[in-house]
S.K.: 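I have a structure I would like to understand better, so I am pasting it below and will then ask my questions one at a time.
In what follows, chains are A, B, ... by sequence order, proteins preceding strands, each numbered from 1.
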2 protein chains.
Amino acid sequence: MREEIVEAGQAQFHERGFNAAAVKDITDRAGVPKGSFYNHFESKEALAIEALERYGVSRRLGDLADQSVEPLARIRAHFEYLRDEVLGYGNLRGCMLGNFTTEVADHNDSIQQLLKQGLGLWAERLGGALAEAQEAGSIPAGLDTAMIGRYLVSAWEGTLIRVRAERSPEPFDDFFTVTFDTLLA
Amino acid sequence: MREEIVEAGQAQFHERGFNAAAVKDITDRAGVPKGSFYNHFESKEALAIEALERYGVSRRLGDLADQSVEPLARIRAHFEYLRDEVLGYGNLRGCMLGNFTTEVADHNDSIQQLLKQGLGLWAERLGGALAEAQEAGSIPAGLDTAMIGRYLVSAWEGTLIRVRAERSPEPFDDFFTVTFDTLLA
DNA sequence: TTGGCTGAGACGACCGGTCATATTGGACGC
DNA sequence: GCGTCCAATATGACCGGTCGTCTCAGCCAA
């Protein structure tokens, strides 16, 4: 039962956002009685924290360190994976890390800390793969790879905002073209 | 009285987001009785739409077309203006366009349309200034300026997400350095 | 019988919106 | 200029609904 609640929670938070996703919506989706919720979670916030942690894992940051794939190709595949997920949602929902930052982070220190770590880790992993790409001579030698990694997190999160505003995958094209054909070329 | 409500609405929506900003919070902040609200606005959503339009105007996109300033300097000044505003909020709040996109756009077509237009206009203006900079020889000749304009909107919105997650202005440094010293250099 | 777990529904707070009544401002007539 | 009337606006209590959380009666296993 607990597992069903976590999955349902993640889906509802992702789809509606934290405030608009009611505990009742989550338990309905999980097919469990609403009263049972507090037998498993201390609060709605506690579930949100667990859902965010699960989401972070599903970003598959490990792929960015996969030595069997060329660094630049890894980075591209990573963003393609993320893009394809959003395409599967019909260009809705965005990224849970970005969504929660926007809706919750200013007012909730626990969640803000978690998001800071999550986004920071992602940027770091990107920076790592970029450094490898630089060593391999795939990207210009003068780039500060840690900084570019951070910039790409920004560019990606913003791309998702545009995808949602436009309800179109076209901003992804901008991201891939400018990132790989201009910035990293 | 109506003006007070609009200003209070904009402040509350910006600070708390659409769902968490109650009509009562807005009227309290405006110093008007709650019942008066519906004499001036049909609904909370109607106020949000007006607040968003006001916010769009306050982005001062006209500055991007100011012929008395060099194009690249205009662009930089434009982002510095936006950055300074966020610094004034203590690295909280983000951009209302991005915030509403994240929280509301998936579920509200009217607001989604408005946000699409708002972000699109901004990208277009940036693209225009970039094209001028390119003609002036300030940025590389091979760049697709319209696409870069769109990419910069993404990079900026994502930068604001990181600023909020980290509660730190450092992501702005990444933005300015990578944008002006790498991407447009 | 006892102890632990479960879950339906109660609880108090909050929400957007309504509406009967009160107040105000402007137009008109003297 | 002043008084009256009416339309417009203001007001705050109320409405029905939703919300996160908690409680306690019921159930089940040992």
S.K.: So for atom CD, which belongs to B:Glu85, do other residues, nucleotides or ligands contribute more than 12 heavy atoms lying within a distance under 6.0 Å?
M.R.: yes
S.K.: With the side chain counted from C-beta on, respond yes when A:Glu103 and B:Thr102 share a heavy-atom pair under 4.5 Å apart, and no when they do not.
M.R.: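 In short, these two side chains do not touch, never coming nearer than 4.5 Å.
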S.K.: Under 4.0 Å, heavy atom to any atom of DNA chain D: which of residues 18-28 of chain A qualify?
M.R.: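 DNA chain D contact set from residues 18-28 of chain A: A:Ala21, A:Ala22, A:Val23.
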S.K.: Does any N or O in the side chain of B:Asn108 come within less than 3.5 Å of the main-chain N or O of B:Val104, such that one atom is a donor and the other an acceptor?
M.R.: no
S.K.: My understanding is that only residues two or more places apart in sequence, or in another chain, count here; which of them pass ring-ring contact (aromatic ring centres under 6.0 Å, His included) with B:Phe172?
M.R.: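 ring-ring contact (aromatic ring centres under 6.0 Å, His included) check on B:Phe172 returns B:Trp156.
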S.K.: Taking the six-membered ring of B:Phe18 (Phe, Tyr or Trp), confirm whether the NZ or CZ of B:Lys44 is under 6.0 Å from its centre and within 45° of its axis.
M.R.: yes
S.K.: Whether A:Arg59 engages the ring of A:Tyr55 as a cation-pi pair (distance to the six-membered ring centre under 6.0 angstrom, angle to the ring normal within 45°) should be assessed.
M.R.: yes
S.K.: Regarding A:Arg76 and the six-membered ring of A:Phe176, is the cationic atom NZ or CZ under 6.0 Å from the ring centre and inside 45° of its axis?
M.R.: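 No, a cation-pi geometry is absent between A:Arg76 and A:Phe176.
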S.K.: What residues from residues 1-9 of chain A pass a heavy-atom cutoff of under 4.0 Å to DNA chain C?
M.R.: A:Met1
S.K.: I need the residues from residues 38-48 of chain B with at least one non-hydrogen atom less than 4.0 Å from DNA chain C; give them sorted by number, or say none.
M.R.: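 Result for residues 38-48 of chain B: B:Tyr38, B:Ser43, B:Lys44, sorted by number.
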S.K.: Within the supplied structure, the quantity of interest is the number of heavy atoms (other residues, nucleotides, ligands) at a distance under 6.0 Å from B:Glu135 CD; does it exceed 12?
M.R.: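 Open: at most 12 neighbouring heavy atoms sit under 6.0 Å from CD of B:Glu135.
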S.K.: Flag the pair B:Arg74 and B:Asp63 as a salt bridge only when some basic side-chain nitrogen lies within less than 4.0 angstrom of an acidic carboxylate oxygen.
M.R.: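 Answer for the salt bridge query: no.
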S.K.: Would you say A:Glu80 has more than 12 foreign heavy atoms packed within less than 6.0 Å of its CD?
M.R.: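 It does: A:Glu80 CD has more than 12 such atoms within range.
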S.K.: Take B:Arg2 and B:Glu7 through the test salt bridge (Lys or Arg N to Asp or Glu O under 4.0 Å) and record every step on the way to the result.
M.R.: CA-CA 9 Å; B:Arg2 190 182 194 278; B:Glu7 286 181 13; over 6 Å; no
S.K.: Would you call B:Glu15-B:Arg93 a salt bridge at under 4.0 Å N-O?
M.R.: yes
S.K.: Parallel, tilted or perpendicular: which describes the rings of A:Trp122 and A:Phe79, with under 30° parallel and over 60° perpendicular?
M.R.: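 Ring orientation of A:Trp122 relative to A:Phe79: tilted.
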S.K.: Kindly indicate whether the side chain of A:Thr101, heavy atoms from C-beta on, has any atom under 4.5 Å from the side chain of A:Lys116.
M.R.: no
S.K.: Need two values: the first and the last nucleotide of DNA chain D, 5' to 3', having an atom under 4.0 Å from any heavy-atom of chain B.
M.R.: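 Range of nucleotides within reach of chain B: D:dA10 to D:dG12.
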S.K.: Is the CD atom of B:Glu42 crowded by more than 12 outside heavy atoms at less than 6.0 Å?
M.R.: no
S.K.: State, to the nearest 10°, the angle formed by the axis through the first five base pairs of the helix from C:dT1-D:dA30 to C:dC30-D:dG1 and the axis through its last five.
M.R.: 10°
